[in-house]
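Input: a single structure, listed below in C-alpha cells.
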Amino acid sequence: MTITTFLSGRSTPQIAAALLGTKLVLQTSQGPISAWITETEAYLGAQDAGAHAFKNHQTNRNRALWLPAGTIYIYQMRTQYLLNLVTQPAGTPECVLIRGIEPASGLTQLQHNRPVPLANLTNGPGKLMQALGLDKSLNGTPLSAETLNLALTTVKQPRLVAHSARIGIVNKADWTTAPLRYFVAGNPFVSQVRKHDIDVATHGWLT
DNA sequence: CAAATGATCTACT
DNA sequence: GTAGATCATTTGG
C-alpha cells in the first residue's frame with residue numbers, strides 16, 4: 001500500500017489511530033534507523049482550538065500544514081522539535097503529531113544521538129526527534145524513501161488502542177477534553193506512562 | 001516589544 | 001515518582 005492510499009479518504013483521527021504500529025524509517029549517513037509508532041495525536045485544522053491552523057490562520061511557521069497529505073510538518077517548541085504528518089489534501093490543514101516510537105533497528109545510533117537509558121530514549125515528541133537526530137530541515141518536504149518515510153508493510157498490531165485527551169491542551173473549551181490522543185496500551189515508549197501499565201512481555205503488540 | 005506556548009531535566013522525596 | 005526550574009521562537013499588539 002502506498003502512503004497516499006493509506007492516508008486518502010480517512011479522517012485525521014482515523015489516521016492517527018491507524019498509524020500506531022506502522023514503522024518510521026529514516027535514512028542517515030550511518031545507515032537506516034527504524035521505529036514503530038506508539039503514540040499520536042490528531043489536530044483538526046481550522047476548527048480545532050488546539051491546532052496551529054486554528055481559524056485557518058496561516059503563518060511562516062505553519063505553512064506546511066496546507067501542503068498535501070504526506071507532507072512533513074516540523075516546528076520547534078522551545079528547545080525541542082516536534083514531528084507531525086499532514087493528513088489531508090492540500091488546503092485542509094490537519095495533521096497528526098508523533099509523540100512516541102519504539103526502536104526497531106539502528107538502536108546504536110539512536111542511543112548515540114541521545115545518550116540516556118532506553119526507557120527514556122523515545123517516549124516523548126521532543127525526545128524521539130533528538131534520538132533520530134532531526135531538526136526542522138525536513139519541514140515542508142514530503143515523506144520519501146531517501147529521507148524520512150513510513151513503512152506500511154512491516155506493521156505491528158496493537159492489542160488495544162487506548163485514547164485520552166491531548167497533552168498540553170488547556171482552556172480550549174471542548175477541545176481540551178476531546179479524545180484525540182491515541183497510544184498502544186501497555187507500550188513503554190509512550191509519554192507519561194505509569195509503570196504498572198506497561199506490558200513487559202509484549203509491549204502491547206499482538207505480533 | 002510583550003505575551004504565549006509544552007517538554008524535559010534536575011533534584012528531591 | 002513528582003514538583004519546579006529551565007529552555008527559544010513565534011505571534012499579535
Side-chain angles (χ1 to χ4, degrees), chain A residues 12 16 19-20 24 26 35 37-67 71-86 93-103 107 109-141 148 162-200 203:
Chain A
T12 298
L19 281 172
L20 298 175
L24 272 182
L26 175 71
I37 296 176
T38 59
E39 179 183 2
T40 60
E41 284 179 0
Y43 285 87
L44 305 184
Q47 49 169 336
D48 181 350
H52 283 171
F54 185 46
K55 293 181 176 165
N56 256 312
H57 202 188
Q58 203 171 145
T59 66
N60 257 336
R61 176 175 64 158
N62 67 14
R63 185 152 296 130
L65 289 170
W66 279 263
L67 296 176
T71 299
I72 297 165
Y73 172 47
I74 298 173
Y75 65 92
Q76 186 168 7
M77 181 56 181
R78 300 264 207 193
T79 55
Q80 274 79 238
Y81 296 107
L82 276 66
L83 175 65
N84 301 259
L85 182 64
V86 177
E94 303 190 2
C95 68
V96 170
L97 169 66
I98 311 297
R99 290 190 53 92
I101 57 176
E102 174 171 344
L107 184 61
Q109 272 194 77
L110 291 167
Q111 288 184 311
H112 172 77
N113 291 334
R114 185 175 152 78
V116 300
L118 181 62
N120 279 322
L121 187 61
T122 54
N123 61 334
K127 297 177 184 180
L128 69 88
M129 288 295 275
Q130 257 186 42
L132 290 170
L134 292 177
D135 58 18
K136 60 183 193 299
S137 59
L138 290 177
N139 182 41
T141 68
L148 181 63
H163 56 81
S164 77
R166 293 175 294 183
I167 292 175
I169 305 293
V170 295
N171 298 328
K172 295 290 193 300
D174 288 350
W175 295 101
T176 305
T177 52
L180 294 173
R181 170 176 176 249
Y182 302 87
F183 57 97
V184 178
N187 189 280
F189 298 95
V190 167
S191 58
Q192 301 182 8
V193 275
R194 286 167 299 192
K195 207 175 239 180
H196 70 262
D197 287 338
I198 294 176
D199 184 331
V200 181
H203 287 188

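Just so it is clear, the values below take in all heavy atoms, side chains as well, and ignore hydrogens, waters and symmetry mates. A note on names: the letters A, B, ... follow the listed sequences, proteins ahead of strands, and every chain is numbered from 1. These figures come from a predicted structure and were not determined experimentally.
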Within this structure, what is the [atom1]-to-[atom2] distance between [X] and [N], rounded to whole angstrom?
| X | N | atom1 | atom2 | result |
| --- | --- | --- | --- | --- |
| A:Asn171 | B:dA4 | CG | P | 12 Å |
| A:Ile74 | C:dT10 | CD1 | C1' | 17 Å |
| A:Asn123 | B:dC9 | CG | P | 9 Å |
| A:Asn60 | C:dA8 | CG | P | 21 Å |
| A:Leu97 | B:dT5 | CG | P | 17 Å |
| A:Gln192 | C:dT2 | CD | C1' | 12 Å |
| A:Gln80 | C:dC7 | CD | C1' | 8 Å |
| A:Asn62 | B:dT5 | CG | P | 16 Å |

- Sole candidate of A:Leu138, A:Thr141, A:Asn62 that passes side chain to side chain contact (heavy atoms under 4.5 Å, CB included) when paired with A:Tyr73: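 Looking at A:Leu138, A:Thr141, A:Asn62, the match for A:Tyr73 under the side chain to side chain contact (heavy atoms under 4.5 Å, CB included) is A:Asn62.
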- Task: Have a look at A:Tyr81 and tell me which of A:Leu128, A:Leu134, A:Asp135 forms a side chain to side chain contact (heavy atoms under 4.5 Å, CB included) with it.
- Result: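 In the set A:Leu128, A:Leu134, A:Asp135, the residue that makes a side chain to side chain contact (heavy atoms under 4.5 Å, CB included) with A:Tyr81 is A:Asp135.
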Nearest to the side chain of [X] - [options]?
| X | options | answer |
| --- | --- | --- |
| A:Gln76 | C:dT11, B:dC9, C:dT9 | C:dT9 |
| A:Thr59 | B:dT8, C:dT11, B:dG6 | C:dT11 |
| A:Ile167 | B:dA7, B:dT5, C:dG1 | B:dA7 |
| A:His57 | B:dT8, B:dG6, C:dG12 | C:dG12 |

- Message: Counting the benzene-type ring for Trp, do A:Tyr43 and A:His52 have ring centres under 6.0 Å apart?
- Response: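 A:Tyr43 vs A:His52: aromatic centres not under 6.0 Å.
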- Out of curiosity, A:Glu102 CD to A:Leu107 CG, how far, rounded to the nearest 0.5 Å?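 Between atom CD of A:Glu102 and atom CG of A:Leu107 there are 10.5 Å.
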- Item | Approximate separation, where rounding is to 0.5 Å, of A:Leu180 CG and A:Asp48 CG |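 Result: 7.0 Å between the selected atoms.
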- Could you say whether A:Val116 or A:Val170 is positioned toward the 5' end of DNA chain B, judged by the nucleotide with the nearest heavy atom to each?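 Final value for this comparison: A:Val170.
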- Within less than 4.0 Å of OP1 or OP2 of B:dA7, is there a side-chain N or O belonging to A:Arg99?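 Indeed, a polar side-chain atom of A:Arg99 lies that close.
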- Query: OP1 or OP2 of C:dT10 sitting under 4.0 Å from any side-chain N/O of A:Arg63?
  - Reply: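 For C:dT10, OP1/OP2 do not have a side-chain N/O of A:Arg63 under 4.0 Å.
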- Contact class for A:Arg78 (heavy atom, under 4.0 Å): base, sugar-phosphate, or nothing?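 Base: the residue A:Arg78, judged by heavy atoms under 4.0 Å, touches a nucleobase.
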